[in-house]
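In each ligand, atom 1 is the first atom listed, and ligand 1 is the first ligand listed. Numbers for residues simply follow the sequence, beginning at 1. The structure presented is a predicted model; accordingly, all values stated were derived computationally and were not measured. The figures that follow rest on heavy atoms only: side chains count, while hydrogens, waters and symmetry mates do not.
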Amino acid sequence: MRGKTPKLYIVIPCYNEEEILNQSLDILCDKLQRLIDGDKAAAGSRVVCVDDGSKDKTWDIIAERSAGNEAVLGIKFSRNYGHQNAILAGMLESRNAADCVVTIDADLQQDVEALDDFLAKYMEGCDVVYGVRNDRDTDKAGKKITAEAFYKLMKILGADVLPNSADYRLLSAKALNALADYPESNLFLRGLIPTMGFKSDIVYFDVKDRTGGQSKYTLRKMLNLALNGITSMSTRPLELIVAIGSLFCVLALVIFILSMIDWARGMVVQGWTTTVALLCLIGGMNLLTNGLVGLYVGKAYIETKHRPRYIIDRAIWDGSGVLEADDQ
Ligand code: UDP
Ligand code: MG
């Protein structure tokens, strides 16, 4: 159990969200005020908008809103670094000021009323609280199927992720400090955070439709996330390759013995189709498995460079106006 009302920082990644950001900030600021009034969050709680290199007026909106309201802070990336890096930046930059941080999408598809439950779990002593969506009814059929397939695949491939856990989650300052010690560039927070341990719990929340704008998660970004998820959390695919490779070796041995018997019986020309089929199959498998190994080597290569995961162009931070570039 915790005694002190926590200072809460709410982090929202924003990528080209000009259509809905104002409305979302209205809702969030109102909710934050209600939490403060209800003594569930401490005065000095903030909303941190991370502009992930938007090409529209997102940053102008953030700057405008923070000028009129000290509860709104802003961080602007030098370019688009992706959703995972945006929430990471928001969390890491907030960790010295906040007692706990909640990340939520800018479209507020996740129900903000669940914040009470998140904070209640924090007060019970949890350092990590996962938001899990109640259902996927509001998703388009395509998204629903791909999401389900993704979680199944992740499980088979050895990366245990809480199904339907969005990046709507609370971390305490202690958990954030632990997270800061993970230097990886291939970031998949949904898989990474459970590996940190700590007392954790789940909060269920409803999912709504996006009220404006398009989904910023293009198919390419989604595939990238899935690939990062698998390659950063597990080497099971490499083990599967070895298993399949061994199976093919045994098969080859059997075929070799069979063809030796055929040869001994003078039936050498037969089996042309089998030969071609096997050639194609083994050639294909070879390419695929080499590619997969290459994928891991490539990811390892990126990690060895230790490049910054994001670069901050400017920031609006607690009464200090717009701060120019200080990078991470
Ligand atoms: N987002 C981001 N960078 C990106 C893509 C998305 O910061 O490159 C943000 C986006 O602004 C939103 C959140 O990530 O706050 C989730 O995106 P979206 O709602 O488009 O995804 P969906 O709900 O369709 O999965
Ligand atoms: Mg969304």
Measure from the Mg ion (ligand 2) to each N, O or S atom of Asp105 and report whether any distance is below 2.8 Å. no
Which ligand 1 atoms are under 4.0 Å away from a heavy-atom of [X]?
{"X": "Gln109", "answer": "19 (O), 23 (O)"}
{"X": "Asn80", "answer": "3 (N), 4 (C), 8 (O)"}
{"X": "Lys221", "answer": "4 (C), 8 (O)"}

Polar contact flag, side-chain donor to acceptor under 3.5 angstrom, Asn22-Glu64: no
Check: Leu179 and Leu88 side chains under 4.5 Å, non-hydrogen atoms: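 Yes - at least one pair of side-chain heavy atoms lies under 4.5 Å apart.
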What do you reckon, does Ala106 have a nitrogen or oxygen under 3.5 Å from a nitrogen or oxygen of ligand 1? yes
Gly82 versus ligand 1: do any nitrogen or oxygen atoms come within less than 3.5 Å of each other?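 For ligand 1, there is no N or O atom that lies under 3.5 Å from one belonging to Gly82.
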In the protein, which heavy atom is nearest to [atom], and how far is it?
{"atom": "atom 4 (C) of ligand 1", "answer": "Asp52 OD2, 3.5 Å"}
{"atom": "atom 6 (C) of ligand 1", "answer": "Lys216 CB, 3.6 Å"}
{"atom": "atom 19 (O) of ligand 1", "answer": "Asp107 OD2, 2.6 Å"}
{"atom": "atom 17 (O) of ligand 1", "answer": "Tyr217 CD1, 3.8 Å"}
{"atom": "atom 18 (P) of ligand 1", "answer": "Arg210 NH2, 3.4 Å"}
{"atom": "atom 12 (C) of ligand 1", "answer": "Glu17 OE2, 3.4 Å"}
{"atom": "atom 14 (O) of ligand 1", "answer": "His83 CD2, 3.0 Å"}
{"atom": "atom 1 (N) of ligand 1", "answer": "Tyr15 CB, 3.7 Å"}

So which of Asn85, Asn80, Asn16 actually passes side-chain hydrogen bond (donor to acceptor under 3.5 Å, both in side chains) with Asp52? Asn80
Backbone N/O of [Y] and side chain of [X]: donor-acceptor pair under 3.5 Å:
{"X": "Arg169", "Y": "Thr103", "result": "no"}
{"X": "Asp127", "Y": "Phe198", "result": "no"}
{"X": "Ser234", "Y": "Ile230", "result": "no"}
{"X": "Asp105", "Y": "Asp107", "result": "no"}

To atom 13 (C) of ligand 1, the nearest of Asp105, Val207, Asn16 on a heavy-atom basis is Asp105
Arg95: what forms a salt bridge (Lys or Arg N to Asp or Glu O under 4.0 Å) with it, not counting sequence neighbours? none
Looking only at N, O or S atoms in Asp107, which is nearest to the Mg ion (ligand 2)? OD2
Give me the ring orientation class for Tyr168 and Phe205: parallel if the planes are under 30° apart, tilted from 30 to 60°, perpendicular past 60°. perpendicular
Record the part of Cys14 in heavy-atom contact with ligand 1 below 4.0 Å; permitted values are side chain, backbone, both and neither.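 Backbone only.
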For Glu113, I'd like to know if atom CD has over 12 heavy atoms of other residues, nucleotides or ligands within 6.0 Å.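 Check passes, neighbour count above 12.
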Given the rule in the side chain to side chain contact (heavy atoms under 4.5 Å, CB included) test, do Tyr204 and Asp117 qualify, once you have shown the distances and angles that lead to the verdict? CA-CA 9 Å; Tyr204 291 92; Asp117 301 336; over 6 Å; no
